**Student:** 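To start, I am sharing the structure in question, which I have written as structure tokens.
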Protein chains: 2
Amino acid sequence: MTDIHLDSAKSRAADPVIAQLEQQILSGKLVNGAPLPAERDLMEDFGASRTVIREAIIALSNRGLIESKPRYRPIVRKPDYETVLNATGKIVQNLLTETGDVKNLYDSRVFIERGLVREAALTATKDNIADLKAAIAANEAAISNSVAFYETDVAFHGVLYRIPNNPIFPAIHMGYTAWLAPHWDKMLRSPERNELNFHAHEAILGAIMERDPDAAEAVLKSHLDAAWEHVRTTFTS
Amino acid sequence: MTDIHLDSAKSRAADPVIAQLEQQILSGKLVNGAPLPAERDLMEDFGASRTVIREAIIALSNRGLIESKPRYRPIVRKPDYETVLNATGKIVQNLLTETGDVKNLYDSRVFIERGLVREAALTATKDNIADLKAAIAANEAAISNSVAFYETDVAFHGVLYRIPNNPIFPAIHMGYTAWLAPHWDKMLRSPERNELNFHAHEAILGAIMERDPDAAEAVLKSHLDAAWEHVRTTFTS
DNA sequence: ATCTTAGTTTGGTCCTACCAAAAATGGAGA
DNA sequence: TCTCCATTTTTGGTAGGACCAAACTAAGAT
């Protein structure tokens, strides 16, 4: 539904062009990574003016199907989850104007990760556990360096998103990281806080290893709630 | 990160225009719902050619900040979650070319809803329960009409997404509905299946009312797994 | 084979022009 | 005074041409 209304939408010369290019990209007729044909060639192919071709390229570019750097030949991109996230990013940013919106986004993250740690507690493999341990070790090693710690912190949570073996989740994680980061980096960091988070991660892993989803969820939740509280007080003070 | 590279991206006349219009929309200087100034006025305001103005409008339109129907004046849209979902829709569609992708998306839906029913079992209010009951009643009333039942089915799950009181979730629900629908409507429907689903919904509600998150999750999961299995067999047969 | 350089392609931007549909206008009729 | 219809004006959509500077190519020099 929605958008395939042929009724009200009479014309728009660029639409057929967009559709066909889109199809050619997805079908592989336009090879991924290869440059798009020159605009002047496309206008001959489609029998359209350069204006129209150009409009189509812009649209496809905004959808992530074409990567167009300023003065270079546009490059065909068969989209993956990351591409989509990237293209979606600018759109989502517009939503995060009020702190309420950021809170909603953060809450959804907490919701997701609660599910993730439950899942982890139930199904984590030896490899998953090993990954988590490695990530936590990296946490510990970076406690004294807040910038580095942030990286390892993100990485730890990233491991959680990879456990379900569904590429959508890592993409979501990238989204959260990128979208929340701007509202995050005002947060005060300190070795003390880093150590706190490190221990929280340890506790989460512990619950996962004991195959206790309720405990894992509880620890994760209090961990993330504390983080938010920290940010919130930073905002309002 | 990503995209604010001032390094490689030399110029692009439309970018400042996009940025300023974006800011004016978000700040409310350009009133939500009001028509955008005429292109010829904008080119005077920004001292840019119509080409550039037009490019900016297209870009903003693709981002959902402007709603431009074919021959009408573009309308300013201060984006809400729904707008974002709409704008994201076309992008996401490109990912769902293979059934594996659809499966991934569906799995993520199951993941989310498992969390939702747990949440419901723990925190659902009287009103939530009432909404669920009403939705289920609508299910029952529509059992004989598969088209109508589908609507009420979606509506039932929609109630779950509203329980956390976070506008992001209903938006996600809309996304799932819209994105999965095309791959869904090939599914065979029948009053028998409708009745099955109706009973599953009843069971979910039952578990929620008994405040038993594990049971609620289990019932929900088997409900959705069965639905997928049904679709899958339809595909491969 | 590598570097330099002259020539060609190509995207970015501006401009002019025209059309058809929308919106604004204004007047006729109730 | 209000409604409705016809006319004018505005406005978005598309076409085509022109020019520039940067990117690309190919030929020639080292």
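All figures in this text were calculated on a predicted structure; none of them were measured in a lab. Side chains are part of it too, since the values below use all heavy atoms of this structure and drop only hydrogens, waters and symmetry mates. Lettering follows sequence order; numbering is per chain, from 1.
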**Student:** How many whole angstroms separate atom OH of B:Tyr72 from atom C1' of C:dA24?
**Tutor:**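 Going from B:Tyr72 (OH) to C:dA24 (C1'), I get 15 Å.
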**Student:** A:Arg71 side chain: which of C:dT13, C:dG12, D:dG12 is closest?
**Tutor:** C:dG12
**Student:** Closest to the B:Pro74 side chain: C:dC14, D:dA15, D:dG12?
**Tutor:**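 Ranking C:dC14, D:dA15, D:dG12 by closest atom to the B:Pro74 side chain puts D:dG12 first.
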**Student:** May I ask you to check whether A:Trp184 and A:Tyr106 place their ring centers less than 6.0 Å from one another?
**Tutor:** yes
**Student:** Nearest nucleotide by nearest heavy atom, which residue falls closer to the 5' end of DNA chain D, B:Leu36 or A:Val52?
**Tutor:**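 Per heavy-atom nearest nucleotide, the more 5' residue is B:Leu36.
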**Student:** Out of D:dG16, C:dC15, D:dG12, which nucleotide sits closest to the side chain of A:Ser49?
**Tutor:**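 Given the options D:dG16, C:dC15, D:dG12, the side chain of A:Ser49 is closest to D:dG16.
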**Student:** Inspect the surroundings of CD in B:Gln24 and state if more than 12 heavy atoms from other residues, nucleotides or ligands are less than 6.0 Å away.
**Tutor:**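 Enclosed.
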**Student:** Has A:Arg189 got its NZ or CZ under 6.0 Å from the middle of the six-membered ring of A:Tyr150, at an angle within 45 degrees of the ring axis?
**Tutor:**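 A:Arg189 over A:Tyr150 ring: yes.
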**Student:** For the pair made of CZ in A:Phe46 and C1' in D:dA15, what is the distance, rounded to whole Å?
**Tutor:**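 In whole Å, D:dA15 C1' and A:Phe46 CZ are 18 Å from each other.
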**Student:** Let me know the distance between CD1 of A:Ile53 and P of C:dG12, rounded to the nearest Å.
**Tutor:** 14 Å
**Student:** Can you check the A:Glu67 CD to C:dG11 P distance for me, whole Å?
**Tutor:**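 Between P of C:dG11 and CD of A:Glu67: 15 Å.
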**Student:** Centroid-to-centroid, A:Phe169 to B:Phe111, below 6.0 Å?
**Tutor:**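 Yes, the ring centres sit under 6.0 Å apart.
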**Student:** What integer distance in Å separates A:Glu55:CD from D:dT14:P?
**Tutor:** 6 Å
**Student:** Considering only C:dG11, C:dC14, D:dG13, which nucleotide approaches the side chain of B:Thr51 most closely?
**Tutor:** C:dC14
**Student:** Is any side-chain heavy atom of B:Glu55 closer than 4.5 Å to one of A:Arg54?
**Tutor:** yes
**Student:** Within this structure, what is the CZ-to-P distance between A:Arg54 and D:dG17, rounded to whole angstrom?
**Tutor:**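 Taking atom P of D:dG17 as the reference, CZ of A:Arg54 is at 17 Å.
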**Student:** So, is B:Arg50 close to the C:dC14 phosphate, meaning a side-chain N or O under 4.0 Å from OP1 or OP2?
**Tutor:**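 No, no such contact exists.
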**Student:** In terms of side-chain heavy atoms of A:Arg40, which of C:dG11, D:dT11, D:dA15 is nearest?
**Tutor:**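 The listed nucleotide nearest to A:Arg40's side chain is C:dG11.
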**Student:** Mind calculating the distance between CZ (A:Arg12) and P (D:dA15) to the nearest angstrom?
**Tutor:**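 Rounded to the whole Å, the gap is 13 Å.
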**Student:** Can you tell me how far P of D:dA23 sits from CD1 of A:Ile75, to the nearest Å?
**Tutor:** 13 Å
**Student:** D:dA15, C:dG11, D:dG12: which one has an atom nearest the side-chain heavy atoms of B:Arg73?
**Tutor:** D:dG12
